[in-house]
Every structure is written in C-alpha cells, then in structure tokens.
Trainee: 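Sharing a structure below in structure tokens format, with a few things to ask.
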Amino acid sequence: MKCDAFRMFWFRMIVMATMNSPKISDALREVDRLNSESHTASQLMEGITSLLNKLMLKYNWVGFYMLEAGANPPVLVLGHYTGAMTPHTRISLNQGICGAAASSGKTIVVDDVKKDPRYLACSLETKSEIVVPIFICGQVAGELDIDSHFLAAFDKDDRELVEYCAKLVGKRLETR
C-alpha cells in the first residue's frame, strides 16, 4: 500500500510540474482536497463531476460511466454526472467513444466529434470529448467522460488532469 501512495505522490508531482494553466493547477489542488475529504468513491466521483464542471468552463458535461457488475455482454452504466441529461445511460463496449476507451483501456481525445464516426450524439452543442478509463487492480472498471462545446478543447494539461482524476477514483475503488 505504501508503494501505491508513493507512486500517486510522484504522479501528482509530475502532473503539477508539467501544467502551464493556473486554472488546471487550481483544479488539481481542489481534486486533492476532495480526495482527502471524501469518505467513499461515490462521494469522490460526485465531487469531481461538480468541481470540474464548475472550475473548467470549457468542460460542459462531466460524468462517470462504470462497468455493470456481471453484465454479459459488458455494459457501461452512467453514474454521477454534471451537465445536461443524456439519452446514453447504458453504453455497450462496442458503441461510441466511451465504448472504445473502455475496450482499449486507453484515453481517447476527440478534437471534433463530427469527424469521428464512433461519436454517440448526446448534444448538438458538443464539439469535442475526452474519455479516460478507470482501472481497478489493472482492469478497466469504468471511465471519466467529458464533453465540451469548443473544438479541440482538451490539450495535454487537460488530459493529465482528467487522467489524474481517473487514477484517484481507481485507487479509491480498490480500497473499498
């Protein structure tokens, strides 16, 4: 367990050192505060959705999809989110950008959703999207999905912030 805490500390230090945006640095500090104050993974996820939506003005929809336990075939189920309602409350792993990220276990950044045939339209206003897998003990357990009304909204700093949030949630889920 000490090894995991040490790795998370160094990951956070690397993320902070590489971030140029004061807004993202502020968000990172607030995410760390949330992590220390949250008693459960659910509280942490709820706090992250609200915080990122509030602090990062270009993040217009922030939500978590988690793999449904025992579902065959596997399906992502919408959990905590902040933003407009979505018709996509259940997503198969062979559907959309969310399904692709969960299937591949890799972060996907789409600068223009109109140019990506995998995109499942939730809102006509959405222009770009980032989806980051959440891992529990090395296995994909869900993901953090963020939509923006701006083209190419997610740069390297945004990616690092969202990946950091996903790692914190994964670690919290491992300890439940």
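Along the sequence shown, residues are numbered consecutively beginning with 1.
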Trainee: Should Ile108 and Arg118 be marked as a side-chain contact (heavy atoms from CB on, under 4.5 Å) after you check the CA-CA gap, both sets of side-chain angles, and the distance that decides it?
Mentor: CA-CA 11 Å; Ile108 297 177; Arg118 300 173 296 183; 3.8 Å; yes
Trainee: With no hydrogens and no angle check, is any side-chain donor or acceptor of Asn53 less than 3.5 Å from a backbone partner on Tyr59?
Mentor: yes
Trainee: Test your reading of the model: is there a side-chain donor-acceptor pair from Thr49 to the backbone of Gly63, 3.5 Å cut-off?
Mentor: no
Trainee: Are any side-chain N or O atoms of Asp158 and backbone N or O atoms of Asp155, one a donor and one an acceptor, separated by less than 3.5 Å?
Mentor: yes
Trainee: Search all heavy atoms of Cys165 against all heavy atoms of Val31 and return the closest pair with its distance.
Mentor: SG-CG2, 3.7 Å
Trainee: Quick check: closest heavy atoms across His39 and Arg172, and the distance to 0.1 Å?
Mentor: C-NH1, 3.7 Å
Trainee: Is there a chain of hydrophobic side chains (I, L, V, M, F, W, Y, each step under 4.5 Å between heavy atoms) that links Val162 to Leu28?
Mentor: yes
Trainee: Which pair of non-hydrogen atoms, one from Phe64 and one from Met45, has the smallest distance, and what is that distance?
Mentor: CE1-O, 3.3 Å
Trainee: Between Lys23 and Asp26, is the closest basic N to carboxylate O distance under 4.0 Å?
Mentor: no
Trainee: Strictly under 6.0 Å, is that where the ring centroids of Tyr81 and Tyr65 end up?
Mentor: no
Trainee: So if you build clusters from Ile, Leu, Val, Met, Phe, Trp, Tyr with side-chain heavy-atom gaps below 4.5 Å, do Leu76 and Ile97 land together?
Mentor: no
Trainee: For the side chain of Ser92 and the backbone of Asn94, is there at least one donor-acceptor N/O pair under 3.5 Å apart?
Mentor: no
Trainee: Do Ile146 and Val169 belong together in a cluster built from hydrophobic side chains that touch within less than 4.5 Å?
Mentor: yes
Trainee: Looking at Glu68, I'd like to know if its CD atom is crowded, meaning that more than 12 non-hydrogen atoms belonging to other residues, nucleotides or ligands lie closer than 6.0 Å.
Mentor: yes
Trainee: Minimum heavy-atom separation for Val140 and Gly105, please, with both atom names.
Mentor: CG2-CA, 3.8 Å
Trainee: In Å, rounded to the nearest 0.5 Å, how long is the span from OG1 of Thr40 to CD of Glu46?
Mentor: 8.5 Å
Trainee: Does the side chain of Val110 reach to within under 4.5 Å of the side chain of Tyr119, using non-hydrogen atoms?
Mentor: no
Trainee: Distance check, rounded to the nearest 0.5 Å: Glu129 atom CD versus Asp111 atom CG?
Mentor: 11.5 Å
Trainee: Quick one: pull up NE2 in His88 and CG in Leu120 and give me the separation to the nearest 0.5 Å.
Mentor: 5.0 Å
Trainee: Any non-hydrogen side-chain atom of Trp61 less than 4.5 Å from a side-chain atom of Thr126?
Mentor: no
Trainee: Only one of Val132, Ile134, Leu168 forms a side-chain contact (heavy atoms from CB on, under 4.5 Å) with Glu163, so which one is it?
Mentor: Val132
Trainee: Could you pull out the closest heavy-atom pair between Glu174 and Cys137, with the gap in Å?
Mentor: OE2-N, 2.6 Å
Trainee: Check the pair Leu93 / Leu67 against side-chain contact (heavy atoms from CB on, under 4.5 Å), numbers first and verdict last.
Mentor: CA-CA 9 Å; Leu93 295 192; Leu67 283 172; 3.8 Å; yes
Trainee: Which pair of heavy atoms, one from Lys58 and one from Ala153, lies closest together, and at what distance?
Mentor: NZ-O, 2.7 Å
Trainee: Under the side-chain contact (heavy atoms from CB on, under 4.5 Å) rule, what do Glu125 and Asn60 come out as? Steps first, then yes or no, please.
Mentor: CA-CA 9 Å; Glu125 297 171 321; Asn60 301 106; over 6 Å; no
Trainee: Output the distance between atom CG (Leu144) and atom CE (Met66), rounded to the nearest 0.5 Å.
Mentor: 10.0 Å
Trainee: May I ask you to test the Leu52-Thr82 pair for a side-chain heavy-atom distance under 4.5 Å?
Mentor: no
Trainee: If I take atom OG1 from residue Thr86 and atom CG from residue Asp147, how far apart are they, to the nearest 0.5 angstrom?
Mentor: 8.0 Å
Trainee: Do the non-hydrogen side-chain atoms of Thr107 and Pro133 ever get within less than 4.5 Å of each other?
Mentor: yes
Trainee: Measure the OG-CD1 distance between Ser38 and Ile48 for me, rounded to the nearest 0.5 Å.
Mentor: 7.5 Å
Trainee: Find out whether Met56 and Ile24 are in side-chain contact, i.e. whether some heavy atom of one side chain is under 4.5 Å from a heavy atom of the other.
Mentor: yes
